[in-house]
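Presented below is the structure to which this report refers.
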Amino acid sequence: MTLPSPSDGDLRLHQLRKGQPATVTGVDESVVVTTLPAGELERRMIEMGLVEGSRVVILHEGFPGRDPIAIRVNEHTLALRRAEARAVRVAPLA
Amino acid sequence: MSVQASAAQPPRIEPPRIALVGNPNCGKTALFNALTGSRQKVANYPGVTVERKTGHAVSPLGRRVQVIDLPGTYSLRARSPDEEVTRDVVLGRFAHEEGPDALVCVADATNLRLNLRLVIELKRLGRPIILALNMMDAADKRGCRIDVATLSAMLGVPVVPTVAIRSGGVAGLLNQIDRTVASAFECAEPCSWSEPSSRDLRAYHQEVESILARCVTDAGLPPLATQRVDTILLHPVFGLLFLFAVLFLMFQAVFAWAAAPMELIDGAIGGVKDWVDTTLPDGALRSLLTDGIIAGVGSVVIFLPQILVLFFFILVLEATGYLARAAFLLDRLMGGVGLHGRAFIPLLSSFACAVPGVMAARTIENRADRLATIMIAPLMTCSARLPVYTLLIAAFVPDKPVLGGMVGLPGLVMFALYAAGILSALSVAFVLKRTVFKGAREPLLMELPAYRLPNPRDIALGLFERAKVFLTRAGTTIFALMIVMWFLASFPGAPADATEPAIHYSAAGMIGHALEPLLAPIGFPWQIAVALVPGIAAREVAVGVLGTIYALSGSGEALHASLAGALAESWSLPTALALLAWYVFAPQCLATLSVVRRETNGWFWPAVMFAYMIALAYGAAFVVFRVASGLL
């Protein structure tokens, strides 16, 4: 398991380059503006596999504004918006 | 097979009930079809508009088992009305329905992680569970190795590999159902389920990871073909071009493919009519049969091929996994008017019928997003409007090739009508999201399943279901309306010194004439006014009524001429165009309004919908009629 090095700072899923593999290190919904009740976005993300230790990589980017993004999460593919991807802390692999 | 099997054992009064639960895209419906074949029934849960799909399977021991197909879900926390049904059924919370005797949890073998998390949650219900590892063939092909025995031991539930799309692919599951049902009472435990917190979810996830580490000896290759295809189909430019090409092809096909079967149906209806004409003596009964029932119901049934072509496309796109891609491609663009990418699926379904479209909006969890989608769903051109469009295009648009022979002019006009519906829906959504339904959009968290070849049996069963619904409607609602309309159009009869066709003097004629001043500014003659009244009950009835009116009011030859010919003779082009414009916004049918009432829990939103749509329809028809009259 790769631990985030200090230089990574607080890297978030939406900041990853396309094709850059990473590991999820945490889910923090406080940075996202949402209509959902507190804690709900985090629970949904865990249910969709975005949980500590998952391997993620951005596969495709939408249009316009390269939004939403399609990411590979372990063995499945997930579509989400960059706005919500901010909630996912990641550490790049390699 | 089933006859012999059920003869071996006397039928039970209450067959055991099995519920299928699983993530979306796990092949649950395919498995349901494989278990039950065509012995399925679709109804609604009382009080909610979620479809309740049941069927029965016959186990190898000859036991009849009732199978319930539940909406796909990732958890029992129930974020949308659809998922609430799944939760309430498995918890046995429905008032008129006991909980199922056993659960079959269906999991995609190529994508176990999310599915196993649900299994672990379901185990807390205390009901017997069978895990069906579906799509084992795809897992094998990708080199995915699963130790089924260890998986079963670690989960503590029987695990059965299945291939729903192969014949005999569910035999093992049926055997296991027999065993589980036989011992169902012994292994029932009290339910200890409560809504999991994020900490519970993480714990479940840890458990899944440790199971996967032991049981999946080789995760296999990722679906490389899907990723490669998606590089093109999710491309910002080529992907959108492809999507629009698919939609255009769909609407062209509605015309081209349906033409031959429609002619056959037309011929058959004509044959029956001639037979009745020659068999029965002239009189009221013959008129009711030929002019009322056969002409009226026939003019609706003839559109069955077009509706089936449309549903064929929707079912195939859904089965391949492309519909989720379409939602991905359109999320940002639809976000421009404040809609959720997921609204695409209800809106696409609304092209077939607004009722399933409004119901499909249940997958959108946020109330404002959902209401906005519901309010614009009826602006999508539903198949019930097709009869009106087809009739008017056949009557007024010459069939000549345009764009260098690539497409016919009728197809192009049809496309324009659909486009008008879509554009106006987007405009209405834009206004709504900036006034009534302000607020952030619901997050998008949607799985993009691997591409799959659709299974012909599942498509065929889906089409069969749609055909049944449509024909039932034609045989009940429309049939009854046709009889009422025939009476209204036939009585009271014309006086002896009548100078006009008989319908002038009938009740229908009076209603039409009463409405005429109201509709005159938009160029509608009284015949249209008469047709619009029952058209509110069900849009497609308008065509049937026009058939009745013109068949009744014409002379001997006109009776046999096609309705399109009759309309081309008696209406001006601006009138026809105004009617087309009216129907783009057409005041929705009663079925749509009643489903909106159920979905929004009150009469307020259906009333708003009716008012805004009738205002749009009148305005659009007025502008089109005035402009066309000025120009032509």
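Each chain gets a letter, A, B and so on, in the order the sequences are listed, and its residues count up from 1.
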When you look at [atom1] of [X], are more than 12 heavy atoms from neighbouring residues, nucleotides or ligands closer to it than 6.0 Å?
X	atom1	answer
B:L453	CG	no
B:R434	CZ	yes
B:I232	CD1	no

At a heavy-atom distance under 4.5 Å, which candidate from [options] has the highest pair count against chain A?
options	answer
B:R325, B:R202, B:H205	B:R202
B:V237, B:D108, B:D230	B:D230
B:Q206, B:Q227, B:E121	B:Q227
B:G341, B:G335, B:A450, B:P223	B:P223

Could you give the distance from [atom1] ([X]) to [atom2] ([Y]), rounded to the nearest 0.5 Å?
X	Y	atom1	atom2	answer
B:N23	A:H76	CG	NE2	9.0 Å
B:L234	A:T77	CG	OG1	9.5 Å
B:S197	A:R43	OG	CZ	7.5 Å
A:R44	B:S198	CZ	OG	14.0 Å
B:D331	A:I69	CG	CD1	11.5 Å

Check whether A:R81 reaches the backbone of B:R332 with its side chain - one donor and one acceptor, N or O, closer than 3.5 Å.
no
So which atom in [X] and which in [Y] form the shortest heavy-atom distance, rounded to 0.1 Å?
X	Y	answer
B:P236	A:G62	CG-O, 4.2 Å
B:F328	A:A79	CD1-CB, 3.5 Å
A:A70	B:L448	CB-CD1, 3.7 Å
B:L445	A:M48	O-CE, 4.1 Å

Please classify the contact between B:P449 and chain A as side chain, backbone, both or neither, with a heavy-atom cut-off of under 4.5 Å.
neither
Minimum side-chain heavy-atom gap A:F63-B:L240 below 4.5 Å
yes
Looking at side-chain heavy atoms only, is the closest gap between A:L36 and B:E442 below 4.5 Å?
yes
Please classify the contact of A:E47 with chain B as side chain, backbone, both or neither, using a heavy-atom distance under 4.5 Å.
both
Greatest number of heavy atom pairs closer than 4.5 Å to chain B - which of A:H60, A:E61, A:R72
A:H60
Stepwise, does the side-chain contact (heavy atoms from CB on, under 4.5 Å) test hold for A:E75 with B:T110?
CA-CA 8 Å; A:E75 270 89 57; B:T110 63; over 6 Å; no
